[in-house]
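Here is the naming used below: chain letters follow the sequence lines, and residue numbers restart at 1 for every chain. Every value quoted in this text rests on a predicted model; they were computed, and no experiment measured them.
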Amino acid sequence: MAEKIIEFVAEKIMDLSTLRHSCSHILAQAVKEIWPETKLGIGPSIEEGFYYDFDRPEPFTDQDLVRIEERMQQIIDQNEPFIREEFTKEEAMKLFKRLKEGYKLELIDEIEDERITVYKTGENFIDLCKGPHVESTGKIKAFKLLTVAGAYWHGIETNPMLQRIYGTCFEAKRELDDYLKNLEEAKKRDHRKLGLSLDLFNFYYGEAGTGLVFYHPKGAILRTIIEDYLKREHLRRGYQLVITPHIMQASLWKTSGHYDYYRENMYTLKIEAQEFVLKPMNCPGHILIYKSKIRSWKSLPLRYFELGTVYRYEKSGVLHGLLRLRGFTQDDSHIFCLEEQLKDEIKGILDFVLEVMSDFGFGELVFELSTRPKKFLGSLEIWERAEDILTESLKEKEFSFKINPGEGAFYGPKIDIKLKDALKRLWQCATIQCDFALPEKFDLGFIDSKGERKRPVMLHRVILGSLERFIGCLIEHYGGNLPLWLAPLQIVIIPIKTEHARYASEIKERFTAEGLRVDLDCRNETLEKRIRDSELEKIPYLLVIGEKEMGEKKISVRKRKEGNLGSMDIEEFIKRLTKI
RNA sequence: GCCCACGUAGCUCAGUAGGUAGAGCACAUCAUUGGUAAUGAUGUGGUCACCGGUUCAAUUCCGGUCGUGGGCUCCA
């Protein structure tokens, strides 16, 4: 039964991608009909829709998109059939030469099969395509063009840049509307917007430079809560906290190999003829600590944990809010262990990840295993063993996972874990990487039970990934409505009149003594105004204090987004909050 | 880095077909002491991102730089 459902789902996805692929053909047809000189790139369906790449000297404007959409609708209304035709490679070459579609010629050249298929629609729109397609253009019921963006031909920087038109298409208008609504919702939840309006953090691009974040007081509290949580949870699991410097001599990075392989991402500085590197990674620092004494097999596994702030030079175009920065802090750990301990360590990390994610309110995780790339370090045998161990760990934990062949780091295979947020979007957070290279480069060793010197295996792992990215993720997941334990400000007390301020202040002291984060709003504003402000600030609880509450020695509780909960006993309310 | 769009007050945005700018919110002061999402009045605040060119005159036109946004590529 379950298999059948999976098959059915797979078929549905296939159908949708066929539909979208057909829609991208209609897009190309419309563009060619309006601007016949335009050259075609490729037009596949993608996860959330489709795109088509065009080469045209003039940029597509928003008005152009509207015009193209109208033309597409006409093509759909005409319900033209998708006609499949087969050619030999030579015939196809001739055809596309006649059509002056240079990019298509390149594609044909890359096709190994002798038989080439093309699809025709309308009067004279012909596209190189292996299909499949829907029978006719009328099958498209709901589509929309979304944006125009630049994209290199074949994704290679030195190739010409084409104009990519993105669009999406669904089987029914309602699904399209839902999708567009979801996009709107995502825009509203944008962590950059919320970060500013909730006064969590800001960027001072002009003054401080780009890709660097400043935590304002509320953001700093949020981050501190997360840091304290992480430290506690790591200590509980047998990790040791370490702290390493932000700059280290270039020679160390030469030993680690970063100086040669990671150079363009590193900030270097020269001081009195001595070159230093602003650390882009924490591993070499942890390795130095490991190397500080002779290690016994009895002391392994050794787990070092650091909230390590790293700096990496990233191209300006890739920077994005908290998600991609030039300076960020990783919840980084390096585990030195025996090879036979690897599996338990990896399973332990997987458990750890699951617990942390559930504590932060994320239920769904996606696992991916990246295997040996073409260029790799270490022996084939050890790679296979490591890949087996990673695979077995995932299987024993009963996690389904996707394999990304050849996507591993050059020094070892890895597991990437992505989390799914409230809008079903995936966020890269945790990664677990085996490393056979660094123990070799730094000549790491331990003494085994027979007194022989052996080499330990090293694991690199992060759970949240970067605190910044994770905070961005949290903000978007919750739409700024952070759960009580993470809310920078948990309670705001509003005395109705100034004469209630003293009692309100006493209550504040009582809550503060319980370790709750409380503020008093004594501003000379109406009650309604102060309630509104706190709601906009997404404060979990508001306490309104007036004549009645003072008389009864109680508080009136208002919960975020839910409204007035009525009058409550103070101690009872405290119990309720601290229980969680 | 590359393609396209954009850059006006702390925030959100109007505006000037070339004659040095305006609203709401925020902030300040005063009045108001209010019972669950905006009390009223007055006021402060801008070398219109930066540099250069064209012009009698540039925030407006042109060029460059920096930055932001959507992508490509890359990634925590």
Side-chain angles (χ1 to χ4, degrees), chain A residues 51 53 55 58-62 64 146-166 187 190 192-193 196-197 199 202-207 209-211 264-265 280-282 308-310 312-332 416 418 427-431 433 460-470 472-473 494-501 522-537 542-549 556-567:
Chain A
Y51 67 78
D53 286 344
D55 191 359
E58 302 78 26
F60 290 113
T61 63
D62 287 348
D64 288 342
L146 299 168
T147 49
V148 188
Y152 302 109
W153 170 240
H154 272 352
I156 296 166
E157 274 179 275
T158 47
N159 279 348
M161 179 152 294
L162 310 178
Q163 295 185 65
R164 176 169 296 178
I165 297 181
Y166 282 93
K187 233 183 235 171
D190 192 316
R192 293 164 300 185
K193 245 186 193 167
L196 192 68
S197 65
D199 200 15
N202 207 346
F203 301 92
Y204 299 98
Y205 303 111
E207 301 88 336
T210 183
E264 71 249 23
N265 287 299
M281 296 191 182
N282 301 300
T309 303
V310 294
R312 300 178 186 175
Y313 176 80
E314 303 281 1
K315 290 178 181 175
S316 63
V318 307
L319 300 172
H320 180 96
L322 290 182
L323 309 188
R324 195 77 185 272
L325 294 161
R326 285 182 176 161
F328 58 97
T329 301
Q330 297 179 302
D331 56 336
D332 205 0
D416 284 322
K418 293 175 178 168
W427 301 70
Q428 166 76 59
C429 294
T431 124
Q433 307 183 345
H460 305 244
R461 54 106 282 204
V462 288
I463 290 181
L464 303 185
S466 96
L467 295 190
E468 287 78 7
R469 177 179 287 183
F470 191 73
C473 176
I494 305 179
I496 295 178
K497 296 187 196 176
T498 30
E499 58 250 47
H500 309 133
C522 292
R523 282 140 73 217
N524 180 16
E525 299 286 353
T526 57
L527 176 64
E528 285 87 348
K529 168 72 170 159
R530 286 178 287 167
I531 288 173
R532 180 183 151 81
D533 285 348
S534 283
E535 286 281 354
L536 290 175
E537 266 189 72
L542 290 188
L543 307 183
V544 176
I545 306 297
E547 210 62 47
K548 217 176 82 196
E549 288 74 18
S556 172
V557 180
R558 183 189 162 101
K559 196 170 176 186
R560 173 177 62 193
K561 292 174 89 177
E562 288 178 28
N564 195 353
L565 300 184
S567 169

Undergrad: Look at the side chain of A/T498 against the base of B/U33 and say whether a donor-acceptor pair falls under 3.5 Å; ignore hydrogens and angles.
TA: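 Yes, a donor-acceptor pair under 3.5 Å.
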
Undergrad: Could you check whether A/Y205 gets within reach of a base, just the sugar-phosphate, or nothing at all, counting any heavy atom under 4.0 Å?
TA: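 Result for A/Y205 = sugar-phosphate.
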
Undergrad: With respect to the side chain of A/F328, which nucleotide from B/G34, B/A76, B/C25 is positioned closest?
TA: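 For A/F328, the side-chain atoms sit closest to B/A76.
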
Undergrad: Using the C1' atom as the reference point in each nucleotide, state the distance between B/A23 and B/G69 in Å, no decimals.
TA: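 After rounding to an integer number of Å, I get 25 Å for this pair.
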
Undergrad: Can you find a donor-acceptor N/O pair under 3.5 angstrom joining the side chain of A/R469 to the base of B/C75?
TA: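 It does, because a donor-acceptor pair links the side chain of A/R469 to the base of B/C75 below 3.5 Å.
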
Undergrad: Contact class for A/L162 (heavy atom, under 4.0 Å): base, sugar-phosphate, or nothing?
TA: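 No contact at all - A/L162 keeps every heavy atom at 4.0 Å or more from the nucleic acid.
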
Undergrad: Suppose we call a contact any N or O donor and acceptor under 3.5 Å apart; does that hold for the side chain of A/R560 and the base of B/A37?
TA: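 Looking at the base of B/A37, it does not pair with any donor or acceptor on the side chain of A/R560 (distance under 3.5 Å).
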
Undergrad: What is the nucleic acid contact for A/E528, judged by heavy atoms within less than 4.0 Å: base, sugar-phosphate only, or nothing?
TA: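 Sugar-phosphate, backbone atoms only, no base.
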
Undergrad: Students often get this wrong, so: under 4.0 angstrom with heavy atoms, is A/Y166 touching a base, only sugar-phosphate, or nothing?
TA: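 Touches sugar-phosphate only.
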
Undergrad: Please determine whether any donor N or O and acceptor N or O are separated by less than 3.5 Å between the side chain of A/Q163 and the base of B/G71.
TA: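 Side chain to base: no pair present.
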
Undergrad: Could you tell me which nucleotide pairs with B/U39 by Watson-Crick or G-U wobble geometry, both distances under 3.5 Å, or answer none if nothing does?
TA: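 Its partner is B/A31 (Watson-Crick or G-U wobble, both distances under 3.5 Å).
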
Undergrad: Output a table of donor-acceptor pairs, distance under 3.5 Å, between side-chain atoms of residues 316-326 of chain A and any protein atom two or more places apart or on a different chain; print 'none' if there are none.
TA:
residue : atom : partner : partner atom : Å
A/R324  : NH2  : A/E314  : OE1          : 2.8
A/R326  : NE   : A/E314  : O            : 2.9
A/R326  : NH2  : A/E314  : O            : 2.6

Undergrad: Kindly indicate whether the side chain of A/Y204 and the base of B/G67 share any N or O donor-acceptor pair separated by less than 3.5 Å?
TA: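 Flag unset: no donor-acceptor pair detected.
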
